[in-house]
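Read the structure below first, then the notes.
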Amino acid sequence: MNDSLLSALAGLAAPAPATLPGRVFTGWTSAPSRLGDVFVAVTAHGVQFVRPAGSADEFAAAYRDRFDRPLRRLDRLPAGVGPALRGRAGRPPLDLHALSDFERDVLAATARIPAGQTRPYGWVAREAGRPRAVRAVGTVLARNPVPLLVPCHRVVRADGAAGDYMFGPARKDALLRDEGANLDEVAALARGGVHYLASDTTGIVCFPTCRDARRITPAHRHGFPTVAAAVAAGYRPCRTCRPAA
DNA sequence: ATGGTGACGCGTT
DNA sequence: TAACGCGCCACCA
């Protein structure tokens with residue numbers, strides 16, 4: 001994930017003035033993405049929504065009802081949005097001012113998951129500073145206003161299953177495979193009760209999709225069902241993927 | 001040992 | 001306010 005997205009999310013941590021939502025100009029357009037053509041709503045601050053193609057009429061009606069103003073059709077997206085939607089490195093500005101602090105924290109944590117890697121819902125909850133709000137994280141991600149731009153498809157269930165996805169579980173799986181995620185290996189490990197991998201040369205334990213875990217030489221690789229078990233065996237949690245302590 | 005069930009938990013509407 | 005949800009874990013058969 002690129003730094004500009006992270007800083008954009010961080011910058012939004014401060015609540016916007018209450019008057020802002022009604023004053024911000026909004027337009028929409030359609031754009032090609034990794035999920036096919038999508039509807040994209042944009043304000044002066046950045047992308048506000050990414051939704052399935054065909055959402056325009058419904059969105060425009062809701063917008064008129066709420067703000068008493070027509071929704072303008074745009075002929076182009078802000079710089080960086082198109083490439084980011086198509087899965088290339090981009091610098092998509094985001095407008096998430098309408099979200100709660102919790103929602104922003106959840107999306108910011110999700111944005112830190114590298115392409116091709118996955119993290120459990122519980123990991124996002126902990127990273128967002130609410131370790132027990134696991135189910136609330138699921139609620140937030142189910143309504144992620146900017147899928148793809150904030151990669152909620154990289155958040156999976158703790159038991160190794162993919163979990164649900166707003167565009168369908170099959171799409172979630174396809175997106176992850178397209179990013180090079182080692183889903184088959186992860187599934188095979190999970191079947192054996194292994195959810196973490198450790199290296200006896202570095203003494204570090206990782207999530208199986210962590211780039212560091214994937215470079216562990218087979219002879220030095222050890223599987224564990226929990227981080228606690230790995231720690232008890234003398235390993236410490238990876239600083240990159242931060243598995244639960 | 002694997003799969004189903006319920007209590008639990010939390011932020012939001 | 002009570003009910004809801006992209007979850008999690010202990011417990012059971």
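Lettering follows sequence order; numbering is per chain, from 1.
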[N] [atom2] sits how many Å from [X] [atom1], rounded?
X: Arg126(A); N: dC10(B); atom1: CZ; atom2: P; answer: 16 Å
X: Asn144(A); N: dT12(B); atom1: CG; atom2: P; answer: 15 Å
X: Arg104(A); N: dG11(B); atom1: CZ; atom2: P; answer: 15 Å
X: Arg157(A); N: dG3(B); atom1: CZ; atom2: C1'; answer: 12 Å
X: Asp159(A); N: dG7(C); atom1: CG; atom2: C1'; answer: 9 Å
X: Asp164(A); N: dG5(C); atom1: CG; atom2: P; answer: 12 Å
X: Arg143(A); N: dG5(C); atom1: CZ; atom2: C1'; answer: 9 Å
X: Phe102(A); N: dT12(B); atom1: CZ; atom2: C1'; answer: 10 Å

> Among dT13(B), dG7(C), dG11(B), which nucleotide sits nearest the side chain of Val134(A)?
Replying inline: dG7(C)
> Ala136(A) has a side chain; which of dT13(B), dC9(C), dG5(C) sits nearest to it?
Replying inline: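 The closest nucleotide is dG5(C).
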> Think Arg132(A) has a side-chain N or O under 4.0 angstrom from the OP1 or OP2 of dC10(B)?
Replying inline: yes
>> I'd like to know if Ile204(A) and Val231(A) are part of one continuous hydrophobic network [Ile/Leu/Val/Met/Phe/Trp/Tyr, side-chain heavy atoms within less than 4.5 Å].
In response: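 They do not share one cluster, since no chain of ILVMFWY contacts under 4.5 Å joins Val231(A) to Ile204(A).
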> How do Thr139(A) and Pro120(A) order along DNA chain C: which one's closest nucleotide is nearer the 5' end?
Replying inline: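 Here Thr139(A) is the residue nearer the 5' end.
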> Is Ala133(A) touching bases, backbone alone, or none of the nucleic acid, heavy atoms closer than 4.0 Å?
Replying inline: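 If one applies the 4.0 Å heavy-atom cut-off, Ala133(A) turns out to touch the sugar-phosphate alone, with no base involved.
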> In terms of ring plane angle, is the pair Tyr165(A) and His153(A) parallel, tilted or perpendicular, where the classes change at 30° and 60°?
Replying inline: perpendicular
> Side-chain donor-acceptor pair under 3.5 Å between Ser100(A) and Glu103(A), yes or no?
Replying inline: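 Yes, Glu103(A) and Ser100(A) have a side-chain donor paired with an acceptor closer than 3.5 Å.
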> Does the side chain of Asp200(A) come within less than 4.5 Å of His222(A)'s, by heavy atoms?
Replying inline: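 Side chain of His222(A) against side chain of Asp200(A), heavy atoms only: contact under 4.5 Å found.
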